[in-house]
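Below is one structure; the comments refer to it alone.
So you know, we letter chains A, B, ... as the sequences are listed, proteins then strands, and number each from 1.
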Number of protein chains: 2
Amino acid sequence: MSAQLIEHIRSRTSVDDKDAAAILSFFKRVKLSKKESLLDNGTVCRSHYFVLKGCLRMFFITEKGVEQTTQFAIENWWLSDYMSFQTQSASEFSIQAVEKTEMMVIDFQAQEKLMADFPAMDKYFRMVYQKAYAAAQKRVKYMYEHSKEEQYHLFNESFPEFTQRIPQYLLASYLGFTPEYLSEIRKKTFLKPV
Amino acid sequence: MSAQLIEHIRSRTSVDDKDAAAILSFFKRVKLSKKESLLDNGTVCRSHYFVLKGCLRMFFITEKGVEQTTQFAIENWWLSDYMSFQTQSASEFSIQAVEKTEMMVIDFQAQEKLMADFPAMDKYFRMVYQKAYAAAQKRVKYMYEHSKEEQYHLFNESFPEFTQRIPQYLLASYLGFTPEYLSEIRKKTFLKPV
DNA sequence: CGGATCGTTGATCAACTTCAACGGTCGTGG
DNA sequence: CCACGACCGTTGAAGTTGATCAACGATCCG
C-alpha cells in the first residue's frame with residue numbers, strides 16, 4: 001500500500017526508483033480509528049494528509065455550537081487546512097476520521113525540504129493544488145446554482161457509493177442544512193420518485 | 001508596468017534577469033475596455049489571466065437567465081476557469097472586464113512549456129494555486145457560517161475600497177442574493193448604525 | 001436490558017425571493 | 001449642450017425555502 005502514494009505522484013510527474021525511495025522517506029504512515037482527531041481548531045495545522053484508505057472530514061464549529069462539515073477526503077485525496085498549513089497559524093477547522101483511515105503524512109517543514117530537494121515535487125503539488133482549486137471553483141458554482149434540495153439530489157447522483165458510506169447527519173452537515181430538512185427531502189423523494 | 005508580473009514572480013521564487021526576460025516573452029500584454037468579454041461559456045478557456053490594473057469578473061448564467069458572479073480578480077490576481085483551462089474543455093463560465101483592465105495573458109500550451117523550461121515556474125504556480133485554494137476553503141467556510149446579510153457586512157469591512165469601486169448589483173450577484181435584498185440590508189444598516 | 005445516538009414528524013418562524021412599480025442619474029445622439 | 005432612453009437603486013406586498021423546536025421511535029452497542 002505504500003506504493004499508492006508513489007503511484008499517484010508518478011501519474012503526474014516522472015520519478016525514478018532511487019528518487020521514489022528518497023521521496024517516500026519524507027512521509028510517515030499513520031492509522032486512525034473511527035472518530036479519532038487529526039487537528040483541533042485553534043491549533044496549527046502542521047501536516048498535510050494523503051488518504052490511502054478510509055475517509056477524513058474537515059469541519060468547523062458554528063456560533064450555535066454545531067459542527068459544520070466543509071470537506072471530505074477519501075482514497076487518493078490530499079487534505080489540510082491550507083491557510084493554517086501555509087502560514088503555520090492557528091486553524092479555524094478541525095479534522096477527524098469518519099471511519100478507520102490510513103494516511104501518508106508530511107509535515108510543513110518536510111514538505112518544503114522535499115520540494116527544494118526534488119523540483120519534480122513542485123510540479124506534483126502544483127498539479128494537486130490546481131485540480132483542487134478547479135474543483136473548488138466548480139463547487140462554489142454549485143452552491144450558487146442549486147437549492148439545497150437540488151444539491152442533495154446532485155450529490156447522490158454524483159457519489160452514490162459515498163452517500164451509502166457515511167451517516168446521513170454528516171451528509172446534511174456537508175450540504176449545509178439540517179438533518180430534519182434532509183428527512184423531509186427523502187420523504188418527498190420516496191413518495192414521488194422521478 | 002511589465003515589471004509588475006516579474007515582481008510578483010520574484011516575491012515567490014528567485015529568477016535572474018536573463019530568465020526574467022525569457023519568461024516574460026511567454027506572455028502577451030492585453031487591454032480590455034469596460035464590459036468587454038474575455039471568455040464566453042461554452043468555449044474553451046485557453047488562457048490564464050494576470051491582472052495588472054483594473055478588475056475582471058467570472059460568472060455563469062443561471063436557469064433563470066441571471067448572471068451569477070462567482071469571482072472577481074483585481075491587481076496581482078490570477079484568473080481562469082481552471083477546470084476548462086486544465087482539460088481544455090468547454091467552460092461553464094464567462095469572464096468580463098468590470099472596468100478598463102490591463103492584463104498579462106498566457107495560453108495553456110505556452111504555460112506548459114514555460115514550466116517545462118523553467119522549473120522555478122512550477123514552484124511559482126504551485127504557490128499561486130496553493131494560496132488561491134486556501135482562500136477558496138476559507139470562502140466556503142464563510143458561505144456556510146454567515147447569513148447573506150452578515151456576508152454583506154463582512155465583505156464591506158474586509159474590502160471597503162472595493163465595495164466603492166463596483167456597482168451594487170455586481171456585489172449582490174457575487175454575494176448570491178438579489179439587488180432588492182441588498183437595498184433592504186442597506187436601509188436597515190443606515191437606520192440603525194452600530 | 002438500558003442509554004445514547006440517529007432518523008423522523010409536524011408546527012411555527014425567519015431569511016430571502018419574486019414581482020411590479022417608481023424616481024434618479026448617467027451617457028449618448030442629435 | 002440638452003433631451004431622451006436605458007440602467008440602477010429602492011419600496012412594499014406576497015410567496016418560498018429552509019431553520020428551529022419539541023417530541024417520538026428505532027437501532028446500535030455496551
Item to check | A:Y174 ring center near A:F155 ring center (under 6.0 Å) | outcome: yes

Checklist entry - Does B:L32 belong to the same Ile/Leu/Val/Met/Phe/Trp/Tyr cluster as B:I95, with side-chain heavy atoms less than 4.5 Å apart forming each link? => result yes

Checklist entry - Near DNA chain C, under 4.0 Å by heavy atom, which residues of residues 138-172 of chain B? => result B:S147, B:K148, B:E149

Checklist entry - For D:dG9, does either OP1 or OP2 sit under 4.0 Å from a side-chain N or O belonging to B:K187? => result no

Item to check | SB check A:K35 A:E67 (cutoff 4.0 Å) | outcome: no

Next on the checklist: Quiz question: by atom type and distance under 3.5 Å, do the side chains of B:D107 and B:S47 form a donor-acceptor pair?
Outcome noted: yes

Checklist entry - What is the distance, rounded to the nearest whole Å, between atom CD of B:E63 and atom C1' of C:dT18? => result 16 Å

Next on the checklist: Can you see whether B:S173 engages B:T69 through a side-chain donor-acceptor pair at a distance of less than 3.5 angstrom?
Outcome noted: yes

Item to check | Test item: A:Q137 side-chain N/O and B:S80 main-chain N/O as donor-acceptor pair under 3.5 Å | outcome: yes

Next on the checklist: Across nucleotides 20-30 of chain D, 5' to 3', mark each nucleotide with B, S or - according to how protein heavy atoms within less than 4.0 Å reach it.
Outcome noted: BB---------

Item to check | Polar side-chain atom of B:Q4 near backbone of B:L52 as donor-acceptor pair, under 3.5 Å | outcome: yes

Next on the checklist: Can you measure B:I185 atom CD1 to D:dT10 atom C1' for me and round it to whole angstrom units?
Outcome noted: 14 Å

Next on the checklist: Between A:Y129 and A:Y82, is the ring centroid distance below 6.0 Å?
Outcome noted: yes

Checklist entry - Any chain of hydrophobic side-chain contacts (each under 4.5 Å) joining A:V98 to A:V51? => result no

Checklist entry - Can any side-chain N or O of A:K141 pair as donor or acceptor with the backbone N or O of B:T70 at less than 3.5 Å? => result no

Item to check | Cluster overlap B:F72 with A:V140, hydrophobic side-chain contacts below 4.5 Å | outcome: no

Item to check | d(CG, B:L182; C1', C:dT17) in whole Å | outcome: 14 Å

Next on the checklist: Over the length of the helix from C:dC1-D:dG30 to C:dG30-D:dC1, how much do the five-pair end axes diverge, rounded to 10 degrees?
Outcome noted: 50°

Item to check | Atom-pair distance (CZ on B:R186; C1' on D:dC8), nearest Å | outcome: 12 Å

